[in-house]
Chemist: 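Could you have a look at this structure, given as structure tokens, before my questions?
From a predicted model like this one, the values you see are computed outputs, not experimental measurements. In what follows, chains are A, B, ... by sequence order, proteins preceding strands, each numbered from 1. The analysis underlying the following values was restricted to heavy atoms, covering all of them including side chains, and did not include hydrogens, waters or symmetry mates.
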Amino acid sequence: MKVRTRFAPSPTGMLHIGGARTALFSWLYARHHGGEFVLRIEDTDRERSTEEATQVILDGLSWLGLDWDEPPVFQHARQAEHILAVEQLLEEGHAYRCYCTREELDAMRDEQRARGEKPKYDGRCRHRSDRPADMPYVVRFRSPDIGQTVVRDKVLGDVVFDNAELDDLILLRSDGTPTYNLAVVADDAAMGITHVVRGSDHLNNTPRQIQLYEALGLPVPSFAHIPLIHGPDGAKMSKRHGAVAVTEYRDKGYLADALVNYLARLGWSHGDEEVFSREQLIELFDLAQVGKTAARFDQQKLDWLNAVYLRQAAPASLQEDVRRFLGVPTDGGPELSQVIAVLQERSKSLVELADGARFFYQAPTHYDEKAVRKHFRDTTWPLLASFIERLEAMGASFSGEAAHAAIREICEAAGVGMGKLAQPVRILLSGGPVSPPIDQTLALLGREEALQRIRRGIERLHTA
RNA sequence: GCUCCCAUCGUCUAGCGGUCCAGGACGUCGCCCUCUCACGGCGAAAACAGGGGUUCGAGUCCCCUUGGGAGUACCA
């Protein structure tokens with residue numbers, strides 16, 4: 001049987017990191033087995049669901065490269081089918097009408113809690129045969145009260161639930177709309193889902209859903225409940241932890257491949273390896289290698305991976321993104337891909353890379369004070385003057401190597417280390433104490449521009 | 001409270017009864033490289049939650065405790 005998995009987000013907010021990983025695992029499983037991956041938007045909560053949120057989620061998945069094979073199914077649109085399923089259950093005696101009021105139910109639960117019991121609907125309407133026309137009712141599932149239901153989970157193994165623990169859940173609200181567990185079962189069955197891969201927060205729903213499949217006479221799919229992602233403090237991932245929306249990672253300059261790789265390694269592993277291309281992930285991923293323990297989100301490791309991907313990337317492939325983060329025009333300046341090439345091994349995000357690239361296209365308007373204090377002495381000026389002379393003399397023979405040699409020779413002659421001149425030059429060129437190697441920086445900037453910046457810098461700093 | 005899940009370095013993890021005085025990676029700390037920042041190289045510190053079993057032998061199996069987490073809605 002062809003594997004078919006789905007990702008079923010509710011469009012009530014961002015696509016967050018946890019959801020993204022669930023989607024990733026589901027997607028990887030399908031791709032690994034040559035199956036299909038589809039989407040279902042669980043928009044049955046009309047109050048909280050928005051079209052914008054749906055779009056944000058789809059954008060997030062697209063950015064991560066998690067492609068889906070069919071147009072997304074909107075759960076709300078399938079309401080008629082859900083109701084049909086409830087009617088079937090009603091007819092076959094698997095469901096019944098419950099006329100209990102909220103007050104009544106609250107009171108019942110309070111009592112149970114007071115007795116130290118797990119709050120459960122006690123089934124008081126199960127045998128009610130009258131149908132008072134003027135009273136609102138919900139439809140409940142008549143769940144078996146003896147025996148056990150076992151979830152054969154691909155990640156957790158067999159999980160056994162006593163049926164007595166499971167109460168008669170509501171299938172249809174008093175306003176006639178279907179509830180989550182019913183809708184999920186009806187939809188997963190209708191969509192031909194063979195493997196339900198989802199967060200382990202759904203594990204407790206699973207026995208109920210299995211019972212529904214059985215009552216409905218539908219084939220029960222395989223389940224895989226993957227561990228949740230916790231925040232750095234071990235608690236549930238939330239807004240408190242800064243970035244939770246995948247779009248925030250995109251905006252902060254992370255590469256989709258890096259995030260995918262990081263997310264994959266959160267809970268899944270393949271021996272001692274850390275870096276996996278998308279193709280490798282598809283080839284190697286399987287549920288058997290997924291661990292059972294919740295993982296904490298580690299920003300630093302993501303940063304490292306992002307840096308790895310940044311370093312490996314072809315400069316040209318980064319150009320468009322860098323341009324966006326750069327925010328200044330690049331015409332007239334050095335070739336952007338060359339600037340990227342010298343910066344990619346010294347950046348851990350696209351934002352950092354763009355920050356490091358900016359001075360190539362925009363002469364410094366001020367100089368880092370601390371750096372100036374540290375690197376400019378009385379002895380600095382003659383060195384700079386010599387360097388200017390050498391640059392002027394170079395003319396067309398100018399090159400990074402030539403400039404580098406000039407610096408070295410000037411410093412040797414003065415009996416000082418190269419840093420005594422290289423650092424001041426760097427500050428004058430870039431405005432700060434950090435840049436790519438001085439020879440490369442000079443080469444990219446070009447002789448004229450370099451001279452201009454050095455002269456201007458001397459004017460501004462030497463008189464001050 | 002009750003039900004369910006989980007438990008190896010700070011973090012992600014390898015380990016699927018003996019080859020583990022527990023391996024890798026991130027991070028941290030040294031040293032090297034060096035014109036800055038990085039990269040890279042070398043090295044170090046750092047873990048089987050506790051207690052009982054089972055077994056010739058347990059990080060690996062079982063139980064308990066402890067600690068985390070999830071669920072417990074006419075939300076999804």
Chemist: Take the protein atom CZ of A:R46 and the nucleotide atom P of B:A76, then report the distance between them rounded to whole Å.
Modeler: 11 Å

Chemist: Compare side-chain N and O positions of A:T179 against OP1 and OP2 of B:C74 and report whether any pair is under 4.0 Å apart.
Modeler: no

Chemist: If you measure from CG on A:L263 to CG on A:L259, what distance do you get to the nearest 0.5 Å?
Modeler: 5.0 Å

Chemist: Between B:G1, B:C6, B:G24, which one does the side chain of A:D272 approach most closely?
Modeler: B:G24

Chemist: Output the residues of residues 409-428 of chain A in contact with RNA chain B, where contact means a heavy atom of the residue under 4.0 Å from an atom of the strand; sort by number or write none.
Modeler: A:M418, A:G419, A:A422, A:Q423, A:R426

Chemist: Of A:L218, A:V184, A:L171, which meets side-chain contact (heavy atoms from CB on, under 4.5 Å) against A:L212?
Modeler: A:L171

Chemist: What is the distance, to the nearest angstrom, from the CE atom on A:M108 to the C1' atom on B:U72?
Modeler: 12 Å

Chemist: From the list B:U3, B:A25, B:A76, which nucleotide is the closest neighbour of the side chain of A:K301?
Modeler: B:A25

Chemist: Just to be sure I understand the rule, does A:P227 reach a base, reach only the sugar-phosphate, or reach nothing, if contact means heavy atoms closer than 4.0 Å?
Modeler: nothing

Chemist: When rounded to the nearest Å, what value does the distance between C1' atoms of B:A76 and B:G71 take?
Modeler: 13 Å

Chemist: Rounded to the Å, how far apart are A:F297 CZ and B:G27 C1'?
Modeler: 15 Å

Chemist: Scan A:H404 against the nucleic acid and name what it touches under 4.0 Å (heavy atoms): base, sugar-phosphate only, or nothing.
Modeler: base

Chemist: In terms of side-chain heavy atoms, does A:D187 have a donor or acceptor partner in A:Q75 at a distance below 3.5 Å?
Modeler: yes

Chemist: Between B:U72, B:U36, B:C12, which nucleotide has the shortest distance from any of its atoms to the side chain of A:V434?
Modeler: B:U36

Chemist: Counting Watson-Crick and G-U wobble pairs only, both distances under 3.5 Å, name the nucleotide matched with B:C48, or none.
Modeler: none

Chemist: Using a cut-off of 4.0 Å between protein heavy atoms and nucleotide atoms, how would you tag nucleotides 61-71 of chain B 5' to 3' with B, S and -?
Modeler: --------SBB

Chemist: Does the side chain of A:V308 reach to within under 4.5 Å of the side chain of A:E274, using non-hydrogen atoms?
Modeler: no

Chemist: Checking all strands, does A:T293 fall into the base, sugar-phosphate, or nothing category for heavy-atom contacts under 4.0 angstrom?
Modeler: sugar-phosphate

Chemist: Using the C1' atom as the reference point in each nucleotide, state the distance between B:G68 and B:A49 in Å, no decimals.
Modeler: 11 Å

Chemist: Can you check the A:L266 CG to B:A25 C1' distance for me, whole Å?
Modeler: 13 Å

Chemist: Please determine if a side-chain N or O atom of A:R311 lies less than 4.0 Å away from the OP1 or OP2 oxygen of B:G40.
Modeler: yes

Chemist: Can you identify which nucleotide, out of B:U36, B:C6, B:A76, has its nearest atom closest to the A:L156 side chain?
Modeler: B:C6

Chemist: Counting the atoms with a prime plus P, OP1 and OP2 as sugar-phosphate, which does A:E165 contact under 4.0 Å by heavy atoms, base, sugar-phosphate, or nothing?
Modeler: sugar-phosphate

Chemist: At under 4.0 Å between heavy atoms, what does A:G267 touch on the DNA or RNA strands: base, sugar-phosphate, or nothing?
Modeler: sugar-phosphate

Chemist: Which part of the nucleic acid, if any, lies within contact of A:T44, taking any heavy atom under 4.0 Å across all strands shown: a base, the sugar-phosphate backbone alone, or nothing?
Modeler: sugar-phosphate

Chemist: Which part of the nucleic acid, if any, lies within contact of A:C100, taking any heavy atom under 4.0 Å across all strands shown: a base, the sugar-phosphate backbone alone, or nothing?
Modeler: base

Chemist: Just name whichever nucleotide pairs with B:U19, Watson-Crick or G-U, keeping both distances under 3.5 Å, else none.
Modeler: none

Chemist: Assign each of A:S435 and A:L172 to its nearest nucleotide of RNA chain B by heavy atoms, then name whichever residue's nucleotide is nearer the 5' end.
Modeler: A:S435

Chemist: Say we look at B:C4 and B:C9: how far apart would their C1' atoms be, to the nearest angstrom?
Modeler: 29 Å

Chemist: Determine yes or no for a side-chain-to-main-chain donor-acceptor pair under 3.5 angstrom, with A:S317 supplying the side chain and A:A314 the backbone.
Modeler: yes

Chemist: Any donor and acceptor pair, going by atom type alone, linking the side chain of A:R46 with main-chain N or O of A:H76 inside 3.5 Å?
Modeler: no

Chemist: Within the 4.0 Å heavy-atom criterion, would you say A:Y262 contacts the bases, only the backbone, or no part of the nucleic acid?
Modeler: nothing

Chemist: Nearest of B:C35, B:C12, B:C39 to any side-chain atom of A:E345?
Modeler: B:C39

Chemist: How would you label the contact of A:D439 with the nucleic acid (heavy atoms, under 4.0 Å): base, sugar-phosphate, or nothing?
Modeler: base

Chemist: First locate atom CZ of A:F223, then atom CG of A:N205, and finally report the distance between them rounded to the nearest 0.5 Å.
Modeler: 10.0 Å

Chemist: Taking the P atom of each, how far is B:C48 from B:U11, in whole Å?
Modeler: 12 Å

Chemist: Considering only the C1' atoms, how many Å lie between B:A14 and B:U8, rounded to the nearest integer?
Modeler: 10 Å

Chemist: Just checking A:Q75: base, sugar-phosphate only, or nothing, at a heavy-atom cut-off of under 4.0 Å?
Modeler: sugar-phosphate

Chemist: What is the distance, to the nearest angstrom, from the CG atom on A:D303 to the P atom on B:C12?
Modeler: 16 Å

Chemist: Does B:U54 pair with anything, Watson-Crick or G-U wobble, both distances under 3.5 Å, and if so, with which nucleotide?
Modeler: none

Chemist: Rounded to whole Å, please give me the gap between CD1 in A:I226 and P in B:C4.
Modeler: 23 Å

Chemist: Base, sugar-phosphate, or nothing for A:S174, non-hydrogen atoms under 4.0 angstrom?
Modeler: base

Chemist: Across the strands shown, which category fits A:Q300 at heavy-atom distances under 4.0 angstrom: base, sugar-phosphate, nothing?
Modeler: sugar-phosphate

Chemist: With both distances kept under 3.5 Å, what pairs with B:U36, Watson-Crick or G-U wobble?
Modeler: none

Chemist: Taking the side chain as every heavy atom from C-beta outward, state whether A:T177 and A:T44 have any pair of such atoms under 4.5 Å apart.
Modeler: no

Chemist: Using a 3.5 Å cut-off and no angle test, enumerate the donor-acceptor pairs between side-chain atoms of residues 96-111 of chain A and protein atoms at least two apart in sequence or in another chain.
Modeler:
from   : atom 1 : to     : atom 2 : distance (Å)
A:Y96  : OH     : A:D168 : OD2    : 2.6
A:T101 : OG1    : A:E104 : N      : 3.1
A:E104 : OE2    : A:R124 : NH1    : 3.4

Chemist: Across the strands shown, which category fits A:R48 at heavy-atom distances under 4.0 angstrom: base, sugar-phosphate, nothing?
Modeler: base

Chemist: Side chains of A:I226 and A:W268, heavy atoms from C-beta outward: is any pair under 4.5 Å?
Modeler: no

Chemist: Would you say the rings of A:F25 and A:F285 are close, in the sense that their centroids are separated by under 6.0 Å?
Modeler: yes

Chemist: Go ahead and name the base partner of B:A70; Watson-Crick or wobble counts if both distances stay under 3.5 Å, otherwise write none.
Modeler: B:U3

Chemist: Mind calculating the distance between CG (A:D298) and C1' (B:U11) to the nearest angstrom?
Modeler: 5 Å

Chemist: With sugar-phosphate meaning primed atoms plus P, OP1 and OP2, does A:V159 contact a base, only sugar-phosphate, or nothing at under 4.0 Å between heavy atoms?
Modeler: sugar-phosphate

Chemist: Can you list the steps and then say if A:R6 with A:I193 is a side chain to side chain contact (heavy atoms under 4.5 Å, CB included)?
Modeler: CA-CA 7 Å; A:R6 47 71 161 182; A:I193 302 305; 3.4 Å; yes

Chemist: Is any side-chain nitrogen or oxygen of A:R109 closer than 4.0 Å to OP1 or OP2 of B:C74?
Modeler: yes

Chemist: Any carboxylate oxygen within less than 4.0 angstrom of a Lys/Arg side-chain nitrogen, looking at A:K118 and A:D167?
Modeler: no

Chemist: Counting only Watson-Crick pairs (N1-N3 plus N6-O4 or O6-N4) and G-U wobbles (N1-O2, O6-N3), all under 3.5 Å, who is the partner of B:C26?
Modeler: B:G10

Chemist: Check whether more than 12 heavy atoms from other residues, nucleotides or ligands sit under 6.0 Å from atom CZ of A:R126, and answer yes or no.
Modeler: yes

Chemist: Please give, in whole Å, the distance from B:C37 C1' to A:K374 NZ?
Modeler: 12 Å

Chemist: Check this for me: does the side-chain of A:E274 come within 3.5 Å of the base of B:G24 through a donor and an acceptor?
Modeler: yes

